[in-house]
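Since the structure comes first, as structure tokens, the remarks are kept for the end.
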Amino acid sequence: MSRTNKLKIFNDPIYGFITIPNELVFDLIQHPYFQRLRRISQMGMSYLVYPGAHHTRFHHALGAMHLMQKAVEVLRFKGISISQEEETALYVAILLHDIGHGPFSHALEQSIVENVHHEEISLLFMNRLNEEFDGKLSLAIQVFKGEYHRKFMLQLISSQLDMDRMDYLKRDSFYSGVAEGNINSDRLIQMLHVVDDELVVEEKAIYSIEKFLMARRLMYWQAYLHKTSLVAELMLTKVLKRAKELSQKGNSLESSKPLQFFLNHKIEKEDFTNEVLEKFSQLDDFDIISALKSWQMHDDFVLSALSKMIINRDLLKIKVSNDKFDKVILSAFKEQLLSDYPISLSETDYFVFKGKIKTLGYNKESQPIKIVKKDKTVEDVVISSDQLNSRAFSKPVTKFYICFPKVLEEINKF
């Protein structure tokens with residue numbers, strides 16, 4: 001019998017050909033847990049704003065692995081010793097870093113399960129895969145958890161200048177058409193180095209880093225936190241909340257078996273047995289879309305109205321401001337809603353609500369981006385860069401939002 005050729009290539013619209021470096025990586029990509037990422041959108045509901053943004057977590061994971069291959073090559077060329085085992089661990093860790101994402105990526109992170117971050121679920125998947133692959137993922141898990149003694153390896157996977165960010169900015173910019181997010185990942189990777197076990201960037205890449213941080217900031221406000229994407233994702237969480245509420249009161253809701261399980265049970269981190277993880281691995285965007293299509297016809301007004309709004313992209317109105325919205329406005333909207341809709345006062349919270357969004361920008365306290373200068377000294381990029389100093393990149397930005405049905409817009413002029 002001839003052996004299966006596992007050293008395949010993928011044709012990526014951004015990088016061209018992506019090669020699979022070894023058989024373990026091939027087998028992980030082939031695994032149903034990883035193939036599921038083909039059915040998880042990378043940018044949640046952003047395709048309602050940017051019609052091209054239909055790319056998936058599968059695309060992104062492969063892209064991040066490709067950038068990691070480039071980074072390993074560059075660091076070895078500069079004399080940094082990386083063993084075969086460490087190299088494979090880096091590829092496996094970056095490939096699986098997002099495997100724990102639920103449907104629509106971040107949109108439903110706290111709706112399907114409660115108080116469990118996607119990175120914790122990624123780790124559960126990695127541990128489960130490690131059992132299946134006879135411990136071959138042990139070093140990758142150590143690196144992913146930050147327990148490996150070579151600190152720079154974690155920085156390549158998770159830091160303010162990691163392969164994850166480099167890929168998602170370039171990829172999300174490409175598929176959404178938001179040109180401001182495009183970065184020169186090749187240049188950034190070519191300038192990487194390691195000093196005293198820390199990942200650093202050569203001084204001549206300072207302008208590329210400035211561009212990278214600016215691109216990330218612009219992508220957050222123009223794409224990830226675009227008000228229409230935001231309201232769609234908020235509405236999606238409201239639908240799931242309502243569906244859970246009805247299911248747990250014994251109402252019958254048409255949905256797939258995996259989704260039914262999570263609607264009927266409150267699942268927190270300690271509840272994640274292998275059986276629950278298996279059910280989670282069967283959930284993807286299609287379960288949610290299929291459920292929304294069915295719930296449009298449900299007897300419950302809240303569930304059916306919100307489902308119709310999302311399916312037909314007839315969303316709630318959202319206003320965003322630098323200042324908090326007065327509770328009086330909220331109350332006025334709710335009163336009007338009670339006379340227009342067949343709902344109770346508590347149910348108005350599904351249609352009228354407010355909150356805040358925050359971006360951190362560059363965080364100089366947590367894993368700062370370090371620059372290595374010609375005289376071999378190392379300093380924070382903020383000190384080296386006039387741009388980053390003057391523009392106060394590290395200041396967090398907070399904005400406030402209010403959402404309400406469009407029919408109520410005439411009540412209050414903003």
Show every donor-acceptor pair shorter than 3.5 Å between a side-chain atom in residues 57-65 and any protein atom, with sequence neighbours excluded, or say none if there are none.
unit_1: Arg57; atom_1: NE; unit_2: Gln42; atom_2: OE1; d: 3.3
unit_1: Arg57; atom_1: NE; unit_2: Ser105; atom_2: OG; d: 2.8
unit_1: Arg57; atom_1: NH1; unit_2: Asp98; atom_2: OD2; d: 2.6
unit_1: Arg57; atom_1: NH1; unit_2: His101; atom_2: NE2; d: 3.4
unit_1: Arg57; atom_1: NH2; unit_2: Gln42; atom_2: O; d: 3.2
unit_1: Arg57; atom_1: NH2; unit_2: Ser105; atom_2: OG; d: 3.3
unit_1: His59; atom_1: ND1; unit_2: Thr56; atom_2: N; d: 2.9
unit_1: His59; atom_1: ND1; unit_2: Thr56; atom_2: OG1; d: 3.3
unit_1: His60; atom_1: ND1; unit_2: Asp167; atom_2: OD2; d: 2.8
unit_1: His60; atom_1: NE2; unit_2: His97; atom_2: NE2; d: 3.2
unit_1: His60; atom_1: NE2; unit_2: Asp98; atom_2: OD2; d: 3.4
unit_1: His60; atom_1: NE2; unit_2: Asp164; atom_2: OD1; d: 2.7

Measuring only between side-chain heavy atoms, which start at C-beta, is [X] closer than 4.5 Å to [Y]?
| X | Y | answer |
| --- | --- | --- |
| Tyr15 | Ser185 | yes |
| Leu90 | Met163 | no |
| Met45 | Thr228 | no |
| Val194 | Val200 | no |
| Asp300 | Asn251 | no |
| Met153 | Ile157 | no |
| Leu156 | Leu192 | yes |
| Leu316 | Phe353 | yes |

Test salt bridge (Lys or Arg N to Asp or Glu O under 4.0 Å) applied to [X] - qualifying residues, sequence neighbours left out:
| X | result |
| --- | --- |
| Asp12 | Arg171 |
| Glu131 | Arg128 |
| Lys78 | Glu202 |
| Arg76 | Glu87 |

Using the ring of Phe400 (Phe, Tyr or Trp, six-membered ring only), decide whether Lys356 places NZ or CZ under 6.0 Å from its centre and within 45 degrees of its axis. no

Given the ring of Tyr350, does Lys241 sit roughly above its face, with NZ or CZ under 6.0 Å from the centre of the six-membered ring and within 45° of the axis?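 That pair qualifies as a cation-pi contact.
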
Who passes side chain to side chain donor-acceptor pair (under 3.5 Å) against Asp27, sequence neighbours left out?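 Side chain to side chain donor-acceptor pair (under 3.5 Å) check on Asp27 returns Lys6.
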
[X] side chain to [Y] side chain, donor-acceptor N/O pair below 3.5 angstrom:
| X | Y | answer |
| --- | --- | --- |
| Gln296 | Ser307 | no |
| Ser41 | Asp285 | yes |
| His117 | Glu120 | no |
| Asn22 | Tyr91 | no |
| Lys170 | Asn182 | yes |

Strictly below 4.0 Å, N to O, side chains only: are Asp314 and Lys308 in salt-bridge contact?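 Salt bridge flag = no for Lys308 with Asp314.
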
Side-chain ion pair, Glu379 and Lys370, N-O less than 4.0 Å: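 Answer for the salt bridge query: no.
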
How long is the straight-line distance from [atom2] of [Y] back to [atom1] of [X], given to the nearest 0.5 Å?
| X | Y | atom1 | atom2 | value |
| --- | --- | --- | --- | --- |
| Gln282 | Asp287 | CD | CG | 9.0 Å |
| Leu253 | Glu245 | CG | CD | 11.0 Å |
| Leu161 | Leu199 | CG | CG | 7.0 Å |
| Lys327 | Lys334 | NZ | NZ | 10.5 Å |
| Ile141 | Lys136 | CD1 | NZ | 14.0 Å |
| Ile267 | Asn115 | CD1 | CG | 12.5 Å |

So which pairs with a foot in [range] pass salt bridge (charged side-chain N to carboxylate O under 4.0 Å, His left out), sequence neighbours left out?
| range | answer |
| --- | --- |
| residues 60-72 | none |
| residues 219-230 | none |
| residues 138-156 | Glu86-Arg150, Lys145-Glu147, Lys151-Glu198 |
| residues 28-49 | Arg39-Asp284 |

Test Glu114 against Lys269 for salt bridge (Lys or Arg N to Asp or Glu O under 4.0 Å), laying out the working first. CA-CA 8 Å; Glu114 294 177 45; Lys269 194 181 176 184; over 6 Å; no

Looking at every non-hydrogen atom in both residues, tell me the closest pair between [X] and [Y] and how far apart they are.
| X | Y | result |
| --- | --- | --- |
| Thr377 | Asp375 | OG1-OD1, 2.6 Å |
| Ile206 | Ser384 | CD1-CB, 3.6 Å |
| Ile20 | Phe26 | CG2-N, 3.6 Å |
| Gln248 | Leu263 | NE2-O, 3.0 Å |
| Glu203 | Ile371 | CA-CG2, 3.7 Å |

Within the side chain of [X], is there an N or O that forms a donor-acceptor pair under 3.5 Å with the backbone of [Y]?
| X | Y | answer |
| --- | --- | --- |
| Ser158 | Leu154 | no |
| Thr88 | Glu85 | no |
| Asn127 | Leu123 | yes |

Just say parallel, tilted or perpendicular for the rings of Tyr33 and His31, cut-offs at 30° and 60°. tilted

For Ile112 and Leu283: C-alpha separation, side-chain torsions, deciding distance, then whether side-chain contact (heavy atoms from CB on, under 4.5 Å) applies. CA-CA 10 Å; Ile112 303 276; Leu283 269 184; 3.6 Å; yes

With sequence neighbours left out, what residues match Phe301 under ring-ring contact (aromatic ring centres under 6.0 Å, His included)?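 Only Tyr341 meet the ring-ring contact (aromatic ring centres under 6.0 Å, His included) criterion with Phe301.
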
What verdict does the side-chain contact (heavy atoms from CB on, under 4.5 Å) test give for Phe34 and Leu28, after you've listed the backbone C-alpha separation in whole Å, the side-chain angles of each residue and the deciding distance to 0.1 Å? CA-CA 7 Å; Phe34 191 80; Leu28 287 169; 5.8 Å; no

Which residue pairs pass the ring-ring contact (aromatic ring centres under 6.0 Å, His included) test when at least one of the two sits in residues 132-166, sequence neighbours left out?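 Residue pairs with at least one partner in residues 132-166: there are none.
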
Please say whether more than 12 non-hydrogen atoms of neighbouring residues, nucleotides or ligands are located less than 6.0 Å from CD in Gln35. yes

Criterion side chain to side chain contact (heavy atoms under 4.5 Å, CB included) against Phe280, the qualifying member of Ile121, Leu124, Val116: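 Checked Ile121, Leu124, Val116 against Phe280; only one passes side chain to side chain contact (heavy atoms under 4.5 Å, CB included): Ile121.
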
